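Data block below; observations after.
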Amino acid sequence: MSDQTLPQAPETSGKSPSPQTPTAGLTRRKLLGTAGATGLVVGTAGGAAGYAAAPEQATPLSSIGSGQEMFHVKHQPGITQGLQARGHLIAFDLAAGAGRKDAAALLRRWSETARRLMAGEAAKDDDTDVARDAGPSSLTITFGFGHSFFARTGLEKQRPVALDPLPDFSSDQLDTSRSNGDLWVQIGANDALVAFHALRAIQKDAGRAAKVRWQMNGFNRTPGATAHPMTARNLMGQIDGTRNPKPTEADFTKRIFVPESVADSGSGSESESESESNDPAWMANGSYAVVRRIRMLLDDWEQLSTHAQEQVIGRRKSDGAPLTGGGETTEMDLEKTDANGDLVVPINAHARITRPDQNGGAAMLRRPFSYHDGIDADGVPDAGLLFVCWQADPLRGFVTVQRKLDRGDALSKYIRHESSGLFAVPGGAAEGEYVGQRLLEG
(Lines give C-alpha, C1' and ligand atoms only; values in the text may rest on other atoms or scores of the structure.)
Protein backbone atom coordinates (compact mmCIF):
# COMPACT_ATOMS: atom_id res chain seq x y z
CA MET A 1 0.00 0.00 0.00
CA SER A 2 1.19 3.54 -0.53
CA ASP A 3 0.12 7.10 0.18
CA GLN A 4 -1.20 8.05 -3.26
CA THR A 5 -4.59 9.33 -4.40
CA LEU A 6 -6.75 7.04 -6.46
CA PRO A 7 -8.69 8.59 -9.34
CA GLN A 8 -12.15 8.33 -7.88
CA ALA A 9 -15.10 6.91 -9.73
CA PRO A 10 -17.71 9.65 -10.04
CA GLU A 11 -21.09 9.14 -8.44
CA THR A 12 -22.49 8.57 -11.89
CA SER A 13 -20.70 7.34 -14.97
CA GLY A 14 -22.91 9.35 -17.28
CA LYS A 15 -26.01 11.48 -17.31
CA SER A 16 -29.03 9.96 -15.68
CA PRO A 17 -31.44 8.81 -18.33
CA SER A 18 -34.88 10.31 -18.45
CA PRO A 19 -37.88 8.01 -18.81
CA GLN A 20 -39.12 7.61 -22.34
CA THR A 21 -41.64 5.45 -24.08
CA PRO A 22 -39.92 2.27 -25.26
CA THR A 23 -39.57 1.87 -28.99
CA ALA A 24 -41.01 -1.34 -30.36
CA GLY A 25 -38.40 -3.75 -31.67
CA LEU A 26 -35.46 -1.74 -30.34
CA THR A 27 -33.06 -4.25 -28.81
CA ARG A 28 -30.53 -3.45 -26.12
CA ARG A 29 -27.75 -4.55 -28.45
CA LYS A 30 -28.87 -2.11 -31.17
CA LEU A 31 -29.36 0.68 -28.69
CA LEU A 32 -25.96 0.31 -27.04
CA GLY A 33 -24.26 -0.32 -30.37
CA THR A 34 -25.55 3.01 -31.64
CA ALA A 35 -24.52 4.69 -28.42
CA GLY A 36 -21.04 3.21 -28.62
CA ALA A 37 -20.43 4.92 -31.94
CA THR A 38 -20.73 8.30 -30.24
CA GLY A 39 -19.06 7.34 -26.96
CA LEU A 40 -22.35 7.76 -25.07
CA VAL A 41 -24.99 5.40 -23.78
CA VAL A 42 -28.46 6.59 -24.64
CA GLY A 43 -30.75 6.25 -21.63
CA THR A 44 -34.01 5.13 -23.14
CA ALA A 45 -36.33 2.58 -21.66
CA GLY A 46 -35.20 0.12 -24.33
CA GLY A 47 -31.73 0.21 -22.81
CA ALA A 48 -32.99 -1.57 -19.72
CA ALA A 49 -34.47 -4.49 -21.57
CA GLY A 50 -31.53 -6.87 -21.60
CA TYR A 51 -30.88 -8.50 -24.93
CA ALA A 52 -34.48 -8.29 -26.18
CA ALA A 53 -37.06 -5.59 -26.82
CA ALA A 54 -38.24 -3.62 -23.80
CA PRO A 55 -41.36 -4.72 -21.99
CA GLU A 56 -44.22 -2.24 -22.01
CA GLN A 57 -43.56 -0.91 -18.50
CA ALA A 58 -39.74 -0.96 -18.59
CA THR A 59 -37.89 1.62 -16.57
CA PRO A 60 -34.66 3.22 -17.81
CA LEU A 61 -31.24 2.07 -16.71
CA SER A 62 -29.92 3.77 -13.62
CA SER A 63 -26.94 6.06 -14.04
CA ILE A 64 -24.66 3.30 -12.72
CA GLY A 65 -25.94 0.73 -15.20
CA SER A 66 -25.65 3.06 -18.18
CA GLY A 67 -21.96 3.86 -17.67
CA GLN A 68 -19.88 2.61 -20.60
CA GLU A 69 -16.14 2.46 -21.23
CA MET A 70 -14.68 2.01 -24.71
CA PHE A 71 -12.61 -1.05 -25.65
CA HIS A 72 -10.73 0.38 -28.64
CA VAL A 73 -8.70 3.08 -26.91
CA LYS A 74 -5.06 4.20 -26.78
CA HIS A 75 -4.40 2.63 -23.37
CA GLN A 76 -6.27 -0.49 -22.35
CA PRO A 77 -9.38 0.15 -20.25
CA GLY A 78 -9.19 -0.50 -16.52
CA ILE A 79 -6.09 1.62 -15.85
CA THR A 80 -7.11 5.27 -15.59
CA GLN A 81 -10.82 4.79 -14.94
CA GLY A 82 -12.21 5.44 -11.46
CA LEU A 83 -12.51 2.67 -8.90
CA GLN A 84 -15.18 0.10 -9.66
CA ALA A 85 -17.47 -1.53 -7.12
CA ARG A 86 -16.60 -5.12 -8.06
CA GLY A 87 -13.45 -6.69 -9.46
CA HIS A 88 -12.04 -10.06 -10.45
CA LEU A 89 -8.38 -10.85 -11.08
CA ILE A 90 -7.58 -14.08 -12.87
CA ALA A 91 -4.35 -15.63 -14.16
CA PHE A 92 -4.05 -18.41 -16.72
CA ASP A 93 -1.29 -20.74 -17.82
CA LEU A 94 -1.24 -21.92 -21.41
CA ALA A 95 -2.17 -25.58 -21.74
CA ALA A 96 0.51 -28.18 -22.44
CA GLY A 97 1.36 -28.04 -26.12
CA ALA A 98 -0.29 -24.63 -26.68
CA GLY A 99 1.98 -22.10 -28.36
CA ARG A 100 2.04 -18.77 -30.14
CA LYS A 101 -0.75 -19.60 -32.60
CA ASP A 102 -3.05 -20.80 -29.83
CA ALA A 103 -2.28 -17.70 -27.76
CA ALA A 104 -3.10 -15.44 -30.72
CA ALA A 105 -6.43 -17.17 -31.26
CA LEU A 106 -7.22 -16.86 -27.55
CA LEU A 107 -6.41 -13.14 -27.40
CA ARG A 108 -8.54 -12.65 -30.50
CA ARG A 109 -11.49 -14.36 -28.78
CA TRP A 110 -10.95 -12.52 -25.53
CA SER A 111 -10.73 -9.14 -27.24
CA GLU A 112 -13.98 -9.69 -29.12
CA THR A 113 -15.72 -10.81 -25.95
CA ALA A 114 -14.39 -7.80 -24.05
CA ARG A 115 -15.54 -5.43 -26.77
CA ARG A 116 -19.03 -6.91 -26.80
CA LEU A 117 -19.53 -7.09 -23.05
CA MET A 118 -18.15 -3.59 -22.46
CA ALA A 119 -20.73 -2.33 -24.97
CA GLY A 120 -23.49 -4.07 -23.04
CA GLU A 121 -23.98 -6.82 -25.61
CA ALA A 122 -24.25 -10.55 -25.08
CA ALA A 123 -21.22 -12.79 -25.53
CA LYS A 124 -20.91 -14.04 -29.10
CA ASP A 125 -21.39 -17.71 -28.27
CA ASP A 126 -23.38 -19.43 -25.55
CA ASP A 127 -24.06 -16.37 -23.39
CA THR A 128 -25.05 -17.25 -19.81
CA ASP A 129 -27.67 -14.44 -19.51
CA VAL A 130 -26.27 -13.44 -16.11
CA ALA A 131 -26.12 -9.77 -17.18
CA ARG A 132 -29.27 -9.84 -19.34
CA ASP A 133 -31.09 -7.16 -17.31
CA ALA A 134 -28.16 -4.81 -16.78
CA GLY A 135 -26.36 -2.13 -18.74
CA PRO A 136 -22.59 -2.09 -19.23
CA SER A 137 -22.11 -0.75 -15.67
CA SER A 138 -18.69 0.72 -16.55
CA LEU A 139 -17.28 -2.74 -17.24
CA THR A 140 -13.60 -2.89 -18.14
CA ILE A 141 -11.53 -5.92 -19.13
CA THR A 142 -7.73 -5.66 -19.23
CA PHE A 143 -5.19 -8.22 -20.52
CA GLY A 144 -1.52 -8.73 -19.68
CA PHE A 145 1.40 -11.13 -20.23
CA GLY A 146 3.57 -12.68 -17.52
CA HIS A 147 7.28 -13.50 -17.68
CA SER A 148 6.65 -17.19 -18.44
CA PHE A 149 4.39 -16.42 -21.43
CA PHE A 150 7.28 -15.57 -23.70
CA ALA A 151 9.15 -18.86 -23.33
CA ARG A 152 5.90 -20.77 -23.81
CA THR A 153 5.29 -19.01 -27.13
CA GLY A 154 8.86 -18.80 -28.44
CA LEU A 155 8.90 -15.03 -28.05
CA GLU A 156 11.76 -14.70 -25.56
CA LYS A 157 13.45 -12.02 -27.66
CA GLN A 158 10.34 -9.86 -27.30
CA ARG A 159 10.16 -10.17 -23.52
CA PRO A 160 10.65 -6.75 -21.88
CA VAL A 161 13.54 -6.34 -19.46
CA ALA A 162 11.00 -4.72 -17.14
CA LEU A 163 9.39 -8.17 -16.70
CA ASP A 164 12.45 -9.52 -14.87
CA PRO A 165 11.24 -11.14 -11.61
CA LEU A 166 10.60 -8.83 -8.68
CA PRO A 167 13.16 -9.03 -5.86
CA ASP A 168 12.34 -10.68 -2.55
CA PHE A 169 11.03 -8.45 0.25
CA SER A 170 11.06 -9.13 3.99
CA SER A 171 7.26 -8.88 4.27
CA ASP A 172 6.76 -11.54 1.56
CA GLN A 173 5.15 -14.83 2.51
CA LEU A 174 4.24 -15.72 -1.05
CA ASP A 175 2.14 -18.64 -2.17
CA THR A 176 3.62 -19.57 -5.54
CA SER A 177 0.41 -21.29 -6.62
CA ARG A 178 -1.38 -17.93 -6.36
CA SER A 179 1.39 -15.88 -7.97
CA ASN A 180 2.48 -15.00 -11.52
CA GLY A 181 1.02 -16.79 -14.56
CA ASP A 182 1.36 -16.77 -18.35
CA LEU A 183 -1.67 -14.50 -18.87
CA TRP A 184 -3.49 -12.10 -16.57
CA VAL A 185 -6.97 -10.60 -16.85
CA GLN A 186 -8.40 -7.79 -14.75
CA ILE A 187 -12.18 -7.32 -14.73
CA GLY A 188 -13.97 -4.41 -13.07
CA ALA A 189 -17.58 -3.18 -13.09
CA ASN A 190 -20.01 -1.25 -10.94
CA ASP A 191 -22.39 -4.22 -10.77
CA ALA A 192 -21.46 -7.60 -9.29
CA LEU A 193 -23.44 -9.66 -11.80
CA VAL A 194 -21.98 -7.77 -14.76
CA ALA A 195 -18.48 -8.44 -13.42
CA PHE A 196 -19.19 -12.12 -12.82
CA HIS A 197 -20.74 -12.43 -16.29
CA ALA A 198 -17.47 -11.16 -17.77
CA LEU A 199 -15.40 -13.48 -15.59
CA ARG A 200 -17.38 -16.49 -16.70
CA ALA A 201 -17.20 -15.50 -20.36
CA ILE A 202 -13.41 -15.04 -20.20
CA GLN A 203 -12.97 -18.42 -18.52
CA LYS A 204 -15.18 -20.17 -21.08
CA ASP A 205 -13.33 -18.49 -23.95
CA ALA A 206 -10.06 -19.95 -22.67
CA GLY A 207 -11.32 -23.38 -23.70
CA ARG A 208 -8.51 -25.87 -24.08
CA ALA A 209 -5.90 -23.23 -24.80
CA ALA A 210 -5.34 -22.14 -21.20
CA LYS A 211 -6.26 -23.20 -17.67
CA VAL A 212 -6.89 -21.06 -14.61
CA ARG A 213 -3.84 -20.70 -12.37
CA TRP A 214 -5.46 -18.53 -9.71
CA GLN A 215 -8.43 -16.22 -9.32
CA MET A 216 -9.28 -13.50 -6.76
CA ASN A 217 -12.38 -11.42 -6.08
CA GLY A 218 -12.47 -7.85 -4.82
CA PHE A 219 -14.73 -4.91 -4.14
CA ASN A 220 -14.82 -1.18 -3.52
CA ARG A 221 -17.47 1.22 -2.35
CA THR A 222 -20.26 1.61 -4.90
CA PRO A 223 -20.24 4.97 -6.72
CA GLY A 224 -22.92 7.16 -5.20
CA ALA A 225 -22.75 5.53 -1.76
CA THR A 226 -21.23 8.69 -0.25
CA ALA A 227 -22.65 12.20 -0.22
CA HIS A 228 -19.88 13.33 -2.56
CA PRO A 229 -17.02 11.65 -4.47
CA MET A 230 -14.07 11.00 -2.17
CA THR A 231 -10.88 8.99 -1.88
CA ALA A 232 -11.59 5.35 -1.03
CA ARG A 233 -11.19 3.75 2.38
CA ASN A 234 -9.54 0.38 2.85
CA LEU A 235 -10.51 -2.36 5.31
CA MET A 236 -8.37 -0.72 7.99
CA GLY A 237 -10.75 2.21 7.80
CA GLN A 238 -8.06 4.50 6.42
CA ILE A 239 -8.51 6.86 3.49
CA ASP A 240 -6.13 5.12 1.12
CA GLY A 241 -4.48 6.70 -1.90
CA THR A 242 -4.20 10.41 -1.28
CA ARG A 243 -1.06 11.00 -3.33
CA ASN A 244 -1.77 8.93 -6.43
CA PRO A 245 -0.52 10.67 -9.61
CA LYS A 246 -3.36 12.34 -11.46
CA PRO A 247 -3.98 12.41 -15.25
CA THR A 248 -3.95 16.22 -15.05
CA GLU A 249 -0.28 16.24 -13.98
CA ALA A 250 2.22 17.07 -16.73
CA ASP A 251 4.35 13.96 -16.19
CA PHE A 252 1.48 11.50 -15.60
CA THR A 253 1.75 9.74 -18.98
CA LYS A 254 5.53 9.50 -18.70
CA ARG A 255 5.31 7.86 -15.28
CA ILE A 256 2.48 5.44 -16.04
CA PHE A 257 2.74 4.46 -19.73
CA VAL A 258 5.45 3.20 -22.05
CA PRO A 259 6.21 5.95 -24.60
CA GLU A 260 4.32 5.81 -27.85
CA SER A 261 7.57 6.56 -29.68
CA VAL A 262 8.92 3.04 -29.12
CA ALA A 263 6.61 2.01 -31.96
CA ASP A 264 8.95 3.84 -34.35
CA SER A 265 11.74 1.33 -33.72
CA GLY A 266 10.43 -1.27 -36.15
CA SER A 267 10.64 -5.02 -35.77
CA GLY A 268 14.02 -6.25 -34.57
CA SER A 269 15.62 -2.81 -34.44
CA GLU A 270 16.32 -0.46 -31.58
CA SER A 271 15.65 3.23 -31.98
CA GLU A 272 17.03 5.91 -29.70
CA SER A 273 13.65 6.21 -27.96
CA GLU A 274 13.40 2.45 -27.46
CA SER A 275 16.89 2.36 -26.02
CA GLU A 276 15.92 5.04 -23.52
CA SER A 277 12.71 3.30 -22.47
CA ASN A 278 14.22 -0.20 -22.68
CA ASP A 279 10.90 -1.52 -24.00
CA PRO A 280 10.06 -3.45 -27.17
CA ALA A 281 7.93 -1.69 -29.79
CA TRP A 282 4.85 -3.82 -29.10
CA MET A 283 4.60 -2.26 -25.61
CA ALA A 284 3.99 1.27 -26.94
CA ASN A 285 1.23 2.97 -24.90
CA GLY A 286 1.22 0.02 -22.52
CA SER A 287 1.99 -0.21 -18.82
CA TYR A 288 3.25 -2.69 -16.24
CA ALA A 289 0.95 -4.01 -13.53
CA VAL A 290 2.24 -5.24 -10.20
CA VAL A 291 -0.40 -7.38 -8.49
CA ARG A 292 -0.08 -8.29 -4.79
CA ARG A 293 -2.53 -9.95 -2.43
CA ILE A 294 -1.84 -8.12 0.82
CA ARG A 295 -3.48 -9.59 3.89
CA MET A 296 -4.35 -7.11 6.61
CA LEU A 297 -3.93 -8.43 10.15
CA LEU A 298 -7.14 -6.73 11.24
CA ASP A 299 -7.38 -8.22 14.73
CA ASP A 300 -3.98 -6.71 15.61
CA TRP A 301 -4.72 -3.44 13.85
CA GLU A 302 -8.07 -2.92 15.52
CA GLN A 303 -6.52 -3.31 18.98
CA LEU A 304 -4.68 -0.03 18.39
CA SER A 305 -6.23 3.23 19.47
CA THR A 306 -7.18 5.69 16.74
CA HIS A 307 -4.20 7.84 17.78
CA ALA A 308 -1.82 4.88 17.43
CA GLN A 309 -3.25 4.00 14.01
CA GLU A 310 -2.72 7.58 12.89
CA GLN A 311 0.90 7.45 14.05
CA VAL A 312 1.46 4.33 11.93
CA ILE A 313 -0.02 5.96 8.83
CA GLY A 314 0.95 9.60 9.39
CA ARG A 315 -2.55 10.88 8.58
CA ARG A 316 -5.80 11.48 10.43
CA LYS A 317 -8.20 8.59 10.15
CA SER A 318 -11.26 10.84 9.96
CA ASP A 319 -10.41 12.75 6.80
CA GLY A 320 -6.98 11.64 5.57
CA ALA A 321 -5.31 14.95 6.40
CA PRO A 322 -1.62 14.84 7.37
CA LEU A 323 -0.90 14.96 11.10
CA THR A 324 0.80 18.28 10.50
CA GLY A 325 -2.58 19.88 9.76
CA GLY A 326 -4.81 21.04 6.92
CA GLY A 327 -7.02 18.89 4.69
CA GLU A 328 -6.48 15.65 2.82
CA THR A 329 -4.53 17.25 -0.02
CA THR A 330 -2.50 19.61 2.17
CA GLU A 331 1.24 19.09 1.73
CA MET A 332 2.73 17.17 4.63
CA ASP A 333 5.33 19.11 6.65
CA LEU A 334 7.96 16.45 7.22
CA GLU A 335 10.09 18.70 9.45
CA LYS A 336 7.36 19.86 11.84
CA THR A 337 7.95 18.94 15.51
CA ASP A 338 5.77 18.99 18.59
CA ALA A 339 6.39 20.69 21.95
CA ASN A 340 8.80 17.91 22.93
CA GLY A 341 10.83 18.31 19.75
CA ASP A 342 9.58 15.04 18.27
CA LEU A 343 8.53 14.79 14.64
CA VAL A 344 4.76 15.17 14.28
CA VAL A 345 4.83 12.61 11.45
CA PRO A 346 6.95 9.74 12.81
CA ILE A 347 10.07 8.81 10.88
CA ASN A 348 8.63 5.36 10.06
CA ALA A 349 5.09 6.52 9.21
CA HIS A 350 3.75 4.90 6.05
CA ALA A 351 2.75 8.20 4.45
CA ARG A 352 6.22 9.67 4.99
CA ILE A 353 8.09 6.70 3.54
CA THR A 354 5.96 6.37 0.39
CA ARG A 355 6.12 10.02 -0.70
CA PRO A 356 7.58 10.36 -4.21
CA ASP A 357 9.97 13.05 -3.00
CA GLN A 358 11.36 10.52 -0.52
CA ASN A 359 11.88 7.96 -3.29
CA GLY A 360 13.60 9.83 -6.08
CA GLY A 361 10.27 10.80 -7.65
CA ALA A 362 9.10 7.18 -7.94
CA ALA A 363 5.37 7.00 -8.54
CA MET A 364 2.78 4.41 -9.44
CA LEU A 365 -0.93 4.57 -10.12
CA ARG A 366 -2.65 2.43 -7.50
CA ARG A 367 -6.01 0.95 -8.47
CA PRO A 368 -6.74 -1.77 -5.92
CA PHE A 369 -9.74 -3.74 -4.69
CA SER A 370 -10.41 -4.82 -1.12
CA TYR A 371 -11.06 -8.50 -0.55
CA HIS A 372 -12.61 -10.74 2.12
CA ASP A 373 -12.24 -14.50 1.71
CA GLY A 374 -13.97 -15.64 4.88
CA ILE A 375 -13.05 -16.31 8.50
CA ASP A 376 -10.80 -19.17 9.57
CA ALA A 377 -11.40 -21.69 12.36
CA ASP A 378 -9.81 -19.34 14.90
CA GLY A 379 -12.14 -16.51 13.93
CA VAL A 380 -9.47 -14.57 12.07
CA PRO A 381 -10.66 -12.78 8.91
CA ASP A 382 -8.82 -13.47 5.68
CA ALA A 383 -9.17 -9.94 4.36
CA GLY A 384 -7.08 -7.16 2.91
CA LEU A 385 -6.12 -5.55 -0.35
CA LEU A 386 -5.80 -6.84 -3.91
CA PHE A 387 -3.09 -4.33 -4.68
CA VAL A 388 -2.79 -3.40 -8.35
CA CYS A 389 -0.43 -0.63 -9.38
CA TRP A 390 0.53 0.70 -12.80
CA GLN A 391 3.79 2.25 -13.95
CA ALA A 392 5.96 2.67 -17.02
CA ASP A 393 8.87 0.99 -15.22
CA PRO A 394 8.24 -1.31 -12.23
CA LEU A 395 11.88 -1.11 -11.14
CA ARG A 396 11.60 2.66 -10.75
CA GLY A 397 8.01 2.52 -9.49
CA PHE A 398 6.92 -0.35 -7.26
CA VAL A 399 10.36 -1.81 -6.50
CA THR A 400 11.86 1.52 -5.43
CA VAL A 401 9.02 2.26 -3.01
CA GLN A 402 8.73 -1.30 -1.68
CA ARG A 403 12.45 -1.45 -0.92
CA LYS A 404 12.08 1.72 1.11
CA LEU A 405 9.08 0.27 2.97
CA ASP A 406 11.06 -2.91 3.59
CA ARG A 407 13.60 -0.94 5.60
CA GLY A 408 11.23 0.22 8.34
CA ASP A 409 7.59 0.94 7.51
CA ALA A 410 5.47 1.03 10.68
CA LEU A 411 2.59 -0.52 8.75
CA SER A 412 4.53 -3.68 7.88
CA LYS A 413 3.70 -5.16 11.30
CA TYR A 414 0.04 -5.24 10.34
CA ILE A 415 0.15 -6.59 6.77
CA ARG A 416 1.50 -9.63 4.94
CA HIS A 417 2.17 -9.98 1.20
CA GLU A 418 0.81 -13.43 0.30
CA SER A 419 0.91 -13.52 -3.51
CA SER A 420 2.58 -11.54 -6.28
CA GLY A 421 2.59 -11.06 -10.02
CA LEU A 422 4.11 -8.75 -12.60
CA PHE A 423 2.52 -8.39 -16.01
CA ALA A 424 3.23 -6.49 -19.23
CA VAL A 425 0.00 -4.85 -20.38
CA PRO A 426 0.27 -3.67 -24.00
CA GLY A 427 -1.47 -0.61 -25.34
CA GLY A 428 -5.11 -0.70 -26.36
CA ALA A 429 -6.22 -2.50 -29.49
CA ALA A 430 -7.07 -0.34 -32.50
CA GLU A 431 -10.26 -0.93 -34.44
CA GLY A 432 -9.98 -4.32 -36.16
CA GLU A 433 -7.13 -5.46 -33.88
CA TYR A 434 -6.97 -7.64 -30.79
CA VAL A 435 -4.92 -6.96 -27.67
CA GLY A 436 -1.33 -8.19 -28.10
CA GLN A 437 -1.60 -8.55 -31.88
CA ARG A 438 1.59 -6.59 -32.50
CA LEU A 439 3.46 -9.02 -30.26
CA LEU A 440 1.91 -12.24 -31.49
CA GLU A 441 1.89 -11.39 -35.18
CA GLY A 442 4.87 -9.06 -35.33
Side-chain angles (χ1 to χ4, degrees), residues 76-79 87-114 140-167 172 174-188 198-217 258 279-283 286-293 386-391 394 398 418-429 433-442:
Q76 281 198 60
I79 301 176
H88 300 293
L89 308 180
I90 183 168
F92 293 84
D93 285 335
L94 291 173
R100 180 174 177 177
K101 185 179 294 186
D102 302 282
L106 174 57
L107 267 297
R108 189 179 294 110
R109 290 195 300 274
W110 273 353
S111 295
E112 175 61 11
T113 293
T140 60
I141 305 177
T142 318
F143 304 101
F145 304 104
H147 184 276
S148 56
F149 175 82
F150 297 84
R152 297 293 306 276
T153 54
L155 291 166
E156 293 98 327
K157 292 183 179 179
Q158 289 296 324
R159 183 171 58 213
V161 174
L163 268 188
D164 286 352
L166 297 173
D172 287 355
L174 303 182
D175 178 353
T176 57
S177 69
R178 294 195 294 180
S179 299
N180 303 313
D182 294 342
L183 294 157
W184 174 70
V185 185
Q186 174 192 253
I187 296 167
L199 175 67
R200 191 73 182 107
I202 290 296
Q203 182 188 359
K204 289 171 67 178
D205 274 352
R208 297 181 179 179
K211 59 181 180 180
V212 175
R213 179 179 177 86
W214 54 260
Q215 195 267 310
M216 302 173 189
N217 308 312
V258 172
D279 284 291
W282 65 267
M283 272 297 291
S287 188
Y288 292 93
V290 174
V291 182
R292 310 275 280 186
R293 185 182 190 271
L386 300 182
F387 176 92
V388 182
C389 73
W390 301 90
Q391 57 263 283
F398 173 79
E418 296 186 335
S419 68
S420 178
L422 172 61
F423 302 95
V425 177
E433 288 186 350
Y434 62 86
V435 173
Q437 183 169 333
R438 297 173 192 178
L439 166 65
L440 291 164
E441 298 185 14

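Residue numbers start at 1 and run along the sequence shown. Predicted, not measured: the structure shown is a model, and the values here were computed from it. Any value given below was found using the heavy atoms of this structure, including those in side chains, with hydrogens, waters and symmetry copies removed.
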[atom1] of [X] to [atom2] of [Y]: how many Å apart, nearest 0.5 Å?
X      : Y      : atom1 : atom2 : answer
Phe149 : Leu155 : CZ    : CG    : 6.5 Å
Phe92  : Leu183 : CZ    : CG    : 8.0 Å
Arg108 : Asp205 : CZ    : CG    : 12.5 Å
Glu433 : Glu441 : CD    : CD    : 9.0 Å
Ile202 : Ile141 : CD1   : CD1   : 4.5 Å
His147 : Arg159 : NE2   : CZ    : 3.5 Å

Quick one, [X] and [Y] - any side-chain contact, counting heavy atoms below 4.5 Å?
X      : Y      : answer
Gln391 : Val290 : yes
Pro165 : Leu422 : no
Leu166 : Phe398 : yes

Subject >> Within 6.0 angstrom of Lys204 NZ, more than 12 heavy atoms from elsewhere >> reply: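 Count over threshold, so yes.
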**OP:** Please work out which of the three classes, parallel, tilted or perpendicular, describes the rings of Trp110 and Phe143, given edges at 30° and 60°.
**Re:**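 Answer is parallel, since the angle falls under 30°.
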Can you see which heavy atom on [X] is nearest to which on [Y], and at what distance?
X      : Y      : answer
Leu163 : Ala424 : CD2-N, 3.7 Å
Tyr288 : Met283 : CZ-CE, 3.7 Å
Leu174 : Ser179 : CB-OG, 4.5 Å
Arg208 : Ala95  : O-CB, 3.1 Å
Ala206 : Leu106 : CA-CD1, 3.6 Å
Ala429 : Val435 : CB-N, 3.7 Å

Backbone of [Y] reached by a side-chain donor or acceptor of [X] within 3.5 Å:
X      : Y      : result
Asp182 : Leu94  : yes
Glu418 : Asp175 : no
Trp282 : Gln158 : yes

**OP:** Carefully, step by step, assess Phe423 and Gln186 under the rule side chain to side chain contact (heavy atoms under 4.5 Å, CB included).
**Re:** CA-CA 11 Å; Phe423 302 95; Gln186 174 192 253; over 6 Å; no
**OP:** Give the C-alpha distance, both sets of side-chain angles, the deciding distance and a yes or no for side chain to side chain contact (heavy atoms under 4.5 Å, CB included) between Met216 and Ser419.
**Re:** CA-CA 11 Å; Met216 302 173 189; Ser419 68; 3.2 Å; yes
**OP:** Under the side chain to side chain contact (heavy atoms under 4.5 Å, CB included) rule, what do Thr142 and Val425 come out as? Steps first, then yes or no, please.
**Re:** CA-CA 8 Å; Thr142 318; Val425 177; 3.9 Å; yes
Original post:
Given the rule in the side chain to side chain contact (heavy atoms under 4.5 Å, CB included) test, do Gln215 and Leu89 qualify, once you have shown the distances and angles that lead to the verdict?
Top reply: CA-CA 6 Å; Gln215 195 267 310; Leu89 308 180; over 6 Å; no
